[in-house]
Amino acid sequence: MFKAVCFDFDYTLGDCTDSIVAGFVHGLTSLGWPAPEREAVRSTIGYLLEDAYSMLTGDLDPDHQARFRALFSEVAVERQRRETVLFPGAPELLRGLKAQGIKTAIVSTKRGDTIQIILERLGLADTVDLVIGSADVTRHKPDPEGLLAALDRLGVKPGDALFCGDTVLDAGAAKNAGTHFAAVLLGTTPAEAFARFFPDHTSPDLWDLAAWLGL
């Protein structure tokens, strides 16, 4: 149905919860904040780290946000690279798209080098044509910059592409870019939150998404 399928990463393809929570605990407590609850951290996954810090603390100071990112990275980055797992059906989905000659990309607020290392560790680097991470854009989702950059490099028009994601940030990016959108319900966002974006499909898991794509 599509010439390209693009994905968010966290809670769309992969689960990095334990390492992300550890990074938040280290970063926040080092700055004098109480350790956050696991579910509170989960609700921020998919947002830029600076924004997630402010969502949990109410502190909008850019210097504190930057310090939080540095502290978070001390603990979380290496653990994410070693510990991240993909959701059931993700390898088969990516390999199926490749077998059909459909171009693929990951567009995420996670560091692109971290995603690339995860894919290489899991033997899936050759199934993704490119990765757009947080450092590759100046404006983050729901701004369409990253998604449009990926499609430009893939040589695919937005109307011929599908973006798959687990948050309203992803849905907003798809709408703003002019792509189709599939909501993936593997994160903390309920199906009803996507209704105003009129997704082409809503998938409870990646097996369902693959079946809808005809793989």
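Since we're looking at a predicted model, the values are computed, not measured.
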Requested in this report: Heavy atoms only: give me the nearest Ala193-Val168 pair and the separation to one decimal.
Outcome: O-CG1, 3.7 Å
**Report entry** Shortest non-hydrogen contact from Leu151 toward Ala161
**Finding:** CD2-CB, 3.5 Å
**Report entry** Spacing of CG belonging to Leu130 relative to SG belonging to Cys6, to within rounding of 0.5 Å
**Finding:** 7.5 Å
Under 3.5 Å, which donor-acceptor pairs link side chains of residues 178-190 to any protein atom two or more places apart or in another chain?
unit_1	atom_1	unit_2	atom_2	d
His180	ND1	Asp200	OD2	2.9
His180	NE2	Gly159	O	3.2
Thr189	OG1	Asp166	O	3.2

Query raised in the report: For residues 82-102, which residue pairs qualify under side chain to side chain donor-acceptor pair (under 3.5 Å), counting only residues two or more places apart or in two chains?
Result: Arg79-Glu83
Query raised in the report: Tell me, do Asp205 and Phe87 make a side-chain contact under 4.5 Å, heavy atoms counted?
Result: no
Query raised in the report: Of all residues at least two apart in sequence or in a different chain, which pass the side chain to side chain contact (heavy atoms under 4.5 Å, CB included) check with Ala40?
Result: Glu37, Leu56
Query raised in the report: Is there a side-chain contact between Leu215 and Leu97, using heavy atoms and a 4.5 Å cut-off?
Result: yes
Report task. For residues Asp170 and Thr167, determine if any side-chain heavy atom of one lies less than 4.5 Å from a side-chain heavy atom of the other. Result -> yes
Report task. Not counting sequence neighbours, which residues clear side chain to side chain contact (heavy atoms under 4.5 Å, CB included) with Leu122? List them please. Result -> Leu86, Ile118, Leu124
Query - Of all pairs that satisfy side chain to side chain donor-acceptor pair (under 3.5 Å), the ones with a partner from residues 145-161, not counting sequence neighbours - result: Thr138-Glu145
Query raised in the report: Rounded to the nearest 0.5 Å, what separation is found between the SG atom of Cys164 and the CG atom of Leu206?
Result: 8.5 Å
Requested in this report: May I have the step-by-step check of side-chain contact (heavy atoms from CB on, under 4.5 Å) for Phe68 and Thr57, ending in yes or no?
Outcome: CA-CA 11 Å; Phe68 170 74; Thr57 65; over 6 Å; no
Report task. With sequence neighbours excluded, tell me which residues meet side-chain hydrogen bond (donor to acceptor under 3.5 Å, both in side chains) with His64. Result -> Asp59
Query raised in the report: Which atom names give the shortest non-hydrogen contact between Pro34 and Leu28, and what distance separates them?
Result: O-CB, 4.2 Å
Query raised in the report: At their closest point, which heavy atom of Gly146 faces which heavy atom of Val137, and how far apart are they?
Result: CA-CG1, 3.5 Å
Query raised in the report: Same hydrophobic cluster for Ile45 and Val75, using side-chain heavy-atom links shorter than 4.5 Å among ILVMFWY?
Result: no
Query raised in the report: How long is the span from the CG atom in Asp208 to the CG atom in Leu93, to the nearest 0.5 Å?
Result: 11.0 Å
Query raised in the report: For Arg121, what residues pass the side-chain hydrogen bond (donor to acceptor under 3.5 Å, both in side chains) criterion, not counting sequence neighbours?
Result: none
Requested in this report: May I ask whether Phe7 and Tyr11 are part of the same hydrophobic cluster, defined by side-chain heavy atoms of I, L, V, M, F, W, Y residues being less than 4.5 angstrom apart, directly or through others?
Outcome: yes
Query raised in the report: With side chains defined as the heavy atoms from C-beta onward, is the minimum distance between Leu213 and Ile102 less than 4.5 Å?
Result: no
Query raised in the report: Are any side-chain N or O atoms of Thr44 and backbone N or O atoms of Val41, one a donor and one an acceptor, separated by less than 3.5 Å?
Result: yes
Query - Spacing of CG belonging to Asp10 relative to NZ belonging to Lys110, to within rounding of 0.5 Å - result: 3.5 Å
Query raised in the report: Given the rule in the side-chain contact (heavy atoms from CB on, under 4.5 Å) test, do Ser30 and Glu74 qualify, once you have shown the distances and angles that lead to the verdict?
Result: CA-CA 11 Å; Ser30 296; Glu74 288 177 359; over 6 Å; no
Query - Nearest-0.5 Å distance, CG of residue Leu119 to CZ of residue Phe9 - result: 6.0 Å
Requested in this report: Could you pull out all residues at least two apart from Arg69 that satisfy side-chain hydrogen bond (donor to acceptor under 3.5 Å, both in side chains)?
Outcome: Glu50
Requested in this report: Hydrophobic side-chain clustering at under 4.5 Å (ILVMFWY, transitive links): who's grouped with Met55? Put none if nobody.
Outcome: Tyr47, Leu169
Query - Contacts of type side-chain hydrogen bond (donor to acceptor under 3.5 Å, both in side chains), residue Asp113, not counting sequence neighbours - result: Arg81, Arg111
Query raised in the report: What is the minimum heavy-atom distance between Gly23 and Phe72, and which atoms define it?
Result: C-CD1, 3.4 Å
Query raised in the report: Who are the ring pair (Phe, Tyr, Trp, His ring centres under 6.0 Å) partners of His26, not counting sequence neighbours?
Result: none
Query raised in the report: Judged by atom type as modelled, is there a donor-acceptor pair below 3.5 Å linking the side chain of Lys141 to the main-chain atoms of Val107?
Result: yes
Report task. Answer yes if Val21 and Trp33 sit in the same cluster of Ile, Leu, Val, Met, Phe, Trp and Tyr residues linked by side chain heavy atoms under 4.5 Å apart, and no otherwise. Result -> yes
Query raised in the report: If you group Ile, Leu, Val, Met, Phe, Trp and Tyr by side-chain heavy-atom gaps below 4.5 Å, do Val128 and Leu148 land in one group?
Result: no
Report task. Kindly indicate whether the side chain of Asp51, heavy atoms from C-beta on, has any atom under 4.5 Å from the side chain of His140. Result -> no
Query raised in the report: Residues two or more places apart in sequence or in another chain: which of them pass side chain to side chain contact (heavy atoms under 4.5 Å, CB included) with Lys103?
Result: Ala4, Asp129, Leu154, Val156
**Report entry** Sidechain-backbone polar pair: Thr109 side chain, Gly46 backbone, donor-acceptor under 3.5 Å
**Finding:** yes
Report summary line: When every non-hydrogen atom of Leu147 is compared with those of Ala174, the smallest separation belongs to CD2-CA, 4.0 Å
Query raised in the report: More than 12 foreign heavy atoms under 6.0 Å from CZ of Arg67: is that the case here?
Result: no
Query raised in the report: Are Ile20 and Tyr53 in one and the same hydrophobic cluster, where Ile, Leu, Val, Met, Phe, Trp and Tyr link if side-chain heavy atoms are under 4.5 Å apart?
Result: yes
